[in-house]
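Note that ligands are numbered from 1 as they come in the structure, with each ligand's atoms numbered from 1 the same way.
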Amino acid sequence: MKKANGVPPCDHCRKPSAIELEYSAQNLCRKCFTRVFERRVWKANQQFKLLNRKDAIVVGVSGGKDSSALLHILAKMAKQIGFKVIPVLIDEGIHRYRNKAVKKAEEMCKKLGLRLKVFSYKKLFGKTMDEVIELRNKGKISGKACSFCGVFRRKALNQAAVELEGTKIAVGHNADDIAQTFLMNLLRAEPQRNARFGIIDEPQEGFVPRIKPLVFNTEKETAEYCMINNLPFYLGECPYSSEAFRGEVKNFLNETEGKYPGIKFNLLHSFLETKEFYENGGKKEAKSAKCGECGSPSSNALCKACGLKQMLKKL
Ligand code: SF4
Ligand code: ZN
Ligand code: ZN
């Protein structure tokens, strides 16, 4: 239903809407959208048991939109649940990129009355990312920028969490990131990686578990959340991001989502269901019923063939 001025009303409160959620054909005003966004984080918390009162949550912030939104909502939840929030930024040493983002991260922390702790690759590993790439470009080492950077960041965040006595590390991965990772692992024929990563990591000796509270929100929604709530964030891209396979998968998913709204969430749910299936030792399959008509294995009362046969009989 459109209003006279062309702005459809909010589906929750009937005030003028500001956001359209294409995959669910919902129009929402700013206030209702913020509530929906935050409710999904509470839902993730409940479903995956991410946060509890005694936690000290190390939040990986980068100055980008995902981690700004994450820090904002975790600071809100901390007041209700009682856990501690420790924002940490990993400085990769990427000239004209990270230094700009750090300013936004500092601004964000100041807004929330939190102190930002910074850990750098240079200090931890002896080299900045720019220096690593220089060595790579000279042919002294080989590999893509993100392969080095991803390994270093994981290690750095873990080390920071250990030093700061964090019980969990929260990262700003949203639904898009998780769908991308799931698909990338399949495309690289590394399905075992999908078994290892989750919304909360399996406990591993020496590793602080990582949690992904933004799992049910898309990248676009995360950006909207930041803008609506006036959260500072840096929009620039890492100069090495063009080397990443992730970028190709991301473009593919964005294009396909444009044609078939909802495919990112479908992929996310496929990931969660596959994980649950394996974690249950394939019990879902074992529990599936037989067709009441012909006895073939079927998860419904009738198998597809018998269902069609019955439908045709009525015509
Ligand atoms: Fe590191 Fe790659 Fe991300 Fe740049 S795009 S910050 S190199 S992981
Ligand atoms: Zn509303
Ligand atoms: Zn049948």
Gln310 and Glu293: side chain to side chain contact (heavy atoms under 4.5 Å, CB included), yes or no, with the steps?
CA-CA 10 Å; Gln310 268 206 5; Glu293 190 74 24; 4.0 Å; yes
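Checked for salt-bridge contact, Arg98 and Glu92 meet the test: a charged N lies under 4.0 Å from a carboxylate O.
Distances from ligand 1 to the non-hydrogen atoms of Glu243 include no value under 4.0 Å.
When each atom of ligand 1 is checked for a heavy atom of Cys149 under 4.0 Å away, the hits are 1 (Fe), 6 (S), 7 (S), 8 (S). Shown in contact with Ser241 at under 4.0 Å from a heavy atom are these atoms of ligand 1, numbered in order with element: 5 (S).
Ser241 and Arg246 share no donor-acceptor pair across their side chains, judged by distance under 3.5 Å alone.
The environment of Glu165 atom CD is sparse: at most 12 non-hydrogen atoms of other residues, nucleotides or ligands sit within 6.0 angstrom.
Taking backbone and side chain together, Cys29 holds an N, O or S atom under 2.8 Å from the Zn ion (ligand 2).
In this structure, Phe233 has its ring center at least 6.0 angstrom away from the ring center of Tyr225.
Protein heavy atom at the shortest distance from atom 3 (Fe) of ligand 1 is Arg153 NH2, 3.8 Å.
Compare Cys238, Ser242, Cys146 by their heavy atoms: the one nearest to atom 4 (Fe) of ligand 1 is in Cys238.
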